[in-house]
Protein chains: 2
Amino acid sequence: MSESRFAKLPKPPYFAVIFSSLRESDGNEDYDAMSERMLELAVKQPGYLGVESARDVEKFGITVSYWDSLKAIKQWRSHSEHVVAQEFGKSQWYKDYEVRVSEVKYAHGKPIE
Amino acid sequence: MSESRFAKLPKPPYFAVIFSSLRESDGNEDYDAMSERMLELAVKQPGYLGVESARDVEKFGITVSYWDSLKAIKQWRSHSEHVVAQEFGKSQWYKDYEVRVSEVKYAHGKPIE
């Protein structure tokens with residue numbers, strides 16, 4: 001895997017949507033395609049900065065998307081295709097989820113050796 | 001698994017430390033024990049609210065810990081045992097990591113059916 005899993009972000013402040021979710025164990029045939037499409041769409045939205053995501057073998061996952069404003073987050077949330085995906089999420093894909101919208105105040109990474 | 005993977009949190013505002021990391025592929029014998037010890041300690045710190053965590057098969061993980069103030073985060077960061085763990089993290093356990101400290105403004109979960 002050559003591509004970095006870390007989002008390349010500007011200096012704070014910026015905004016983060018922390019999406020924690022537990023996937024259903026079956027009936028998820030369309031999930032991967034929709035998930036891929038959502039990422040493809042998100043990247044093109046105004047104010048999109050980056051995304052990081054991990055899901056473990058127990059199907060619990062955390063996706064954090066980064067945005068330059070609360071307005072950008074609101075616009076993406078109400079994007080028509082994304083609204084459809086959210087409905088599938090609620091009704092079919094996720095046993096449970098939590099969304100937390102936050103403002104990143106400061107950030108630091110691993111020191112360069 | 002009966003225990004919920006979701007943190008039980010109060011209404012916002014509160015604070016979130018988003019820790020994204022890529023684990024080294026080997027030489028991690030002490031990691032699990034230290035990780036468990038850190039969680040045990042974190043839970044006892046003033047201002048600790050909860051934690052959510054996922055790591056995928058490629059060893060990329062996101063842990064989000066929740067706190068009632070920036071002061072609580074700062075105190076935990078400088079806890080002596082935690083400082084030692086952070087040094088192990090930098091030198092042995094993580095290929096790379098990013099820490100982002102944010103203030104959660106609003107939150108919502110899956111609607112109850």
Side-chain angles (χ1 to χ4, degrees), chain A residues 1 3-9 11-23 25 49-66 70 73-74 77 86-87 89-91 93-113, chain B residues 1 3-9 11-23 25 49-66 70 73-74 77 86-87 89-91 93-113:
Chain A
M1 184 189 59
E3 206 177 327
S4 174
R5 299 285 301 272
F6 295 90
K8 298 270 176 287
L9 300 173
K11 285 195 175 172
Y14 48 80
F15 295 83
V17 180
I18 304 163
F19 178 69
S20 307
S21 63
L22 184 63
R23 289 258 312 267
S25 46
L49 297 177
V51 71
E52 292 171 349
S53 194
R55 187 171 304 279
D56 65 24
V57 291
E58 291 174 333
K59 291 182 170 282
F60 185 79
I62 301 175
T63 296
V64 188
S65 61
Y66 296 96
L70 288 174
I73 291 169
K74 203 173 167 184
R77 198 179 161 191
Q86 288 167 54
E87 287 306 316
K90 281 179 207 176
S91 62
W93 294 328
Y94 300 121
K95 272 188 195 157
D96 204 352
Y97 66 78
E98 294 288 340
V99 181
R100 295 168 185 118
V101 178
S102 72
E103 179 176 5
V104 177
K105 309 272 193 185
Y106 56 93
H108 65 93
K110 183 172 179 173
I112 296 156
E113 284 133 43
Chain B
M1 185 188 58
E3 206 177 326
S4 174
R5 299 285 300 271
F6 295 90
K8 299 271 175 287
L9 300 173
K11 285 196 175 171
Y14 48 80
F15 294 83
V17 180
I18 306 162
F19 178 69
S20 307
S21 64
L22 185 62
R23 289 258 312 268
S25 47
L49 298 177
V51 71
E52 291 171 349
S53 194
R55 186 171 306 278
D56 65 24
V57 291
E58 292 174 332
K59 292 183 170 280
F60 185 79
I62 301 175
T63 295
V64 189
S65 60
Y66 295 96
L70 288 174
I73 291 169
K74 202 174 166 183
R77 198 179 160 193
Q86 287 167 56
E87 287 305 316
K90 280 180 206 175
S91 62
W93 294 329
Y94 300 121
K95 272 188 195 158
D96 204 353
Y97 66 79
E98 294 289 339
V99 181
R100 294 167 184 118
V101 178
S102 71
E103 179 176 5
V104 176
K105 309 271 192 184
Y106 56 93
H108 65 92
K110 183 171 177 173
I112 295 156
E113 284 134 44

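Labels below follow one simple rule: chain letters A, B, ... track the order of the sequence lines, proteins then strands, and each chain is numbered from 1.
Side-chain atoms of B:Tyr106 and A:Arg100 form no donor-acceptor pair, as typed in the model, at a separation below 3.5 Å. Side chain to side chain, A:Glu103 and B:Ser102 fail the donor-acceptor criterion of an N or O pair below 3.5 Å.
Residue A:Phe19 does not touch chain B at all, counting heavy-atom pairs closer than 4.5 Å. The parts of A:Ile62 that come within reach of chain B are both its backbone and its side chain, each placing non-hydrogen atoms under 4.5 angstrom from that chain.
Listed options B:Val64, B:Val101, B:Val104 were ranked by heavy-atom pairs under 4.5 angstrom with chain A; first place goes to B:Val101. For the options B:Pro12, B:Ala16, B:Ser21, heavy-atom pairs under 4.5 Å to chain A are most numerous at B:Ser21. If you tally non-hydrogen atom pairs under 4.5 Å between each of A:Leu9, A:Thr63, A:Val17 and chain B, the highest count goes to A:Leu9.
Between the CD atom of B:Glu98 and the NZ atom of A:Lys110 there is a distance of 11.5 Å, given to the nearest 0.5 Å. How far CG of B:Asp56 is from CG of A:Asp56: 8.5 Å, rounded to the nearest 0.5 Å.
The closest side-chain heavy-atom distance from B:Val57 to A:Val57 is below 4.5 Å.
When all heavy atoms are compared, the tightest approach of A:Gly61 to B:Ala54 is CA-CB, 4.1 Å.
Between B:Phe6 and A:Phe60, the ring center distance clears the sub-6.0 Å criterion.
Residues B:Asp96 and A:Arg5 are not paired through a salt bridge, judged by the lack of any N-O separation under 4.0 Å between the basic side chain and the carboxylate.
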